[in-house]
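Taking it in order: structure first as structure tokens, then the write-up.
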Amino acid sequence: MDNSVIIGPAALSALAEFLYRPAVSRVFVLVDGNTARLCLPLLEPHLPPNYHLIEIPAGEEYKTLASCDTVWTALTQHRADRHAVLVNLGGGVVTDLGGFAAALYKRGIRFAQVPTTLLAQVDASVGGKTGVDFQGYKNQLGVFQAPAAVFIEPRFLQTLDPRQLKSGYAEVIKHWLIADAAAFEQNRRLGWLTDDWSAIIRDSVALKQRIVAQDPLEAGPRKLLNFGHTVGHALESYLLTQPGREALHGEAVAAGLVCESWLSVQRGLLSPEELDKIETFVFSVFDKLSFVGLETEAIAEFALQDKKNAGNTINCTLLEGIGNGVYDQPVTLAEIAESLRYYHRL
């Protein structure tokens with residue numbers, strides 16, 4: 001495990017130690033409306049008394065340049081210099097957006113991630129991807145910028161409702177499907193609820209770090225981590241354009257796991273029996289997302305903006321058996337639409 005990721009009850013004390021160093025001039029804490037209310041009280045005893053709070057509204061629809069403007073304005077008005085630290089207290093929106101804002105302010109100030117959702121703890125806060133949505137496309141703007149450190153306190157998960165907790169579990173399942181067949185086999189029989197998430201978080205973070213260490217800038221093996229996301233991001237982005245039908249990131253990824261597993265079967269990479277295991281597991285946790293067959297082409301169109309694409313080729317990560325992801329697999333818009341129709345018929 002990377003020393004810059006601290007997991008467990010000592011995480012917030014380690015954050016305090018980091019923030020009280022003489023090299024840190026000012027501390028800024030980014031929250032959203034939910035984490036300000038539910039999570040800040042747990043963090044506050046570990047913060048220096050003169051920290052400055054920056055708040056943005058909660059929700060994927062606020063993962064925008066306008067919210068970055070809020071952050072940059074506060075940093076500027078309070079004369080944050082290049083020795084300031086931005087602490088991002090929140091889920092994937094806050095950690096992605098806060099990291100992006102910090103990376104651009106004065107050409108880069110340090111930031112620390114304090115992820116409060118399962119999704120952010122096992123995935124979004126680790127690996128140095130930052131970004132915001134733009135013109136309806138997920139993470140269309142972003143930079144690779146590693147945080148100074150990530151401080152993961154599992155107690156924050158107690159603030160989540162079951163739907164948010166499940167959303168993060170989709171990324172855990174993804175990790176097992178691309179690189180840990182034994183964990184998939186073990187956990188598909190156990191059910192998703194647990195009293196202690198620490199071991200799952202630790203294993204997921206370690207798996208992601210192993211992949212990222214090989215390929216920090218996503219030129220090769222790191223693309224494995226996008227399994228479920230080509231179709232998932234397209235579905236998430238489309239539903240964000242439909243007021244009242246928005247899906248959480250993990251809910252869309254769960255649908256993407258099924259669709260891209262089905263595509264793997266069509267390529268002869270995955271057996272129908274393995275697809276059945278994946279579907280049974282995913283649907284034991286997640287409800288099916290609702291859309292009508294006529295929408296499949298419109299949803300698939302969003303995949304044209306996927307960041308793994310090369311020219312007009314949509315590159316997808318597929319499964320060559322459970323536990324073995326394969327990246328840079330070209331798929332067509334028609335195949336993506338067909339996978340969505342398959343999912344819709346289930």
Could you identify which residues cluster with Ile109, counting Ile, Leu, Val, Met, Phe, Trp and Tyr as linked when any side-chain heavy atoms lie under 4.5 Å apart, either directly or through a chain of such contacts? Phe28, Leu30, Ile54, Ile56, Leu65, Val71, Trp72, Leu75, Leu86, Val94, Leu97, Phe100, Leu104, Tyr105, Phe111, Val132, Phe134, Leu141, Val143
State, with a plain yes or no, whether a side-chain heavy atom of Lys63 is found less than 4.5 Å away from one of Asn139. yes
Anything under 30° is parallel, anything over 60° is perpendicular, the rest tilted; go ahead and classify Phe151 against Phe18. tilted
CG of Leu160 to OG1 of Thr116, rounded to nearest 0.5 Å, is 6.5 Å
Does CD in Glu61 sit with more than 12 non-hydrogen atoms of other residues, nucleotides or ligands closer than 6.0 Å? yes
Using the side-chain contact (heavy atoms from CB on, under 4.5 Å) criterion, which residues pair with Asp328? Sequence neighbours excluded. Lys223, Asn315
Within-4.5 Å side-chain heavy-atom neighbours: Leu43 and Leu12: yes
Nearest 0.5 Å, please: how far is CG in Asp276 from CG in Leu270? 11.0 Å
Residue pairs fulfilling ring pair (Phe, Tyr, Trp, His ring centres under 6.0 Å) with at least one residue in residues 229-261, sequence neighbours excluded: His229-His233, His229-His249, His233-His249
All N/O donor-acceptor pairs, side-chain side in residues 250-257, below 3.5 Å, sequence neighbours left out:
| residue | atom | partner | partner atom | Å |
| --- | --- | --- | --- | --- |
| Glu251 | OE1 | Arg163 | NH2 | 2.9 |
| Glu251 | OE1 | Leu248 | N | 2.8 |
| Glu251 | OE2 | Arg163 | NE | 2.6 |

Output the distance between atom CD (Glu279) and atom NZ (Lys288), rounded to the nearest 0.5 Å. 10.5 Å
Do His46 and Ser13 make a side-chain contact, defined as non-hydrogen atoms from C-beta onward lying under 4.5 Å apart? yes
List the atom pairs, donor and acceptor, that lie under 3.5 Å between side-chain atoms in residues 297-305 and the rest of the protein, sequence neighbours left out.
| residue | atom | partner | partner atom | Å |
| --- | --- | --- | --- | --- |
| Glu297 | OE2 | Arg341 | NH1 | 2.9 |
| Gln305 | OE1 | Gln140 | NE2 | 2.9 |

Straight-line distance of Asp306 CG to Lys138 NZ, nearest 0.5 Å: 12.0 Å
Taking ring pair (Phe, Tyr, Trp, His ring centres under 6.0 Å) as the test, write out the residues that go with His344, two or more places apart. Phe291
Among all residues two or more places apart in sequence or in another chain, which pass the ring pair (Phe, Tyr, Trp, His ring centres under 6.0 Å) test with Tyr62? none
Using 0.5 Å steps for rounding, measure from the CD atom of Glu274 to the CG atom of Leu319. 8.0 Å
Phe283 and Leu346, any side-chain heavy atoms less than 4.5 Å apart: yes
If I take atom NE2 from residue His175 and atom CD1 from residue Ile200, how far apart are they, to the nearest 0.5 angstrom? 12.5 Å
Ile201 side chain reached by Leu118 side chain, heavy atoms, under 4.5 Å: yes
Where is the tightest heavy-atom contact between Pro243 and Thr241, given as atom of each residue plus distance? CD-O, 3.3 Å
So, for Trp197 and Trp192, which heavy atoms are closest and what is the spacing to 0.1 Å? CH2-O, 3.2 Å
Under 4.0 Å between a Lys/Arg side-chain N and an Asp/Glu carboxylate O for Lys208 and Asp123? yes
Taking only residues two or more places apart in sequence or in another chain, which ones pass side-chain contact (heavy atoms from CB on, under 4.5 Å) with Gln186? Leu190
For Phe184, which residues count as a ring pair (Phe, Tyr, Trp, His ring centres under 6.0 Å) partner, sequence neighbours excluded? Phe281
Measure across Gly90 and Thr95 and return the closest heavy-atom pair with its distance rounded to 0.1 Å. O-CG2, 3.7 Å
Taking all heavy atoms of Thr35 and all of Asp32, pick out the closest pair and write down the distance. N-OD1, 2.8 Å
The ring pair (Phe, Tyr, Trp, His ring centres under 6.0 Å) partners of Phe227 (sequence neighbours excluded) come to none
Those residues that, when tested against Tyr20, pass side-chain hydrogen bond (donor to acceptor under 3.5 Å, both in side chains) (two or more places apart): none
May I ask you to test the Leu235-Leu239 pair for a side-chain heavy-atom distance under 4.5 Å? yes
Search all heavy atoms of Thr70 against all heavy atoms of Glu55 and return the closest pair with its distance. CG2-O, 4.0 Å
Run the side-chain contact (heavy atoms from CB on, under 4.5 Å) test against Asp287 and tell me which residues pass, sequence neighbours left out. none
Residue pair Lys277 / Arg188, side-chain heavy-atom distance below 4.5 Å: yes
Smallest separation among heavy atoms of Tyr343 and Cys259, with atom names: CB-SG, 3.7 Å
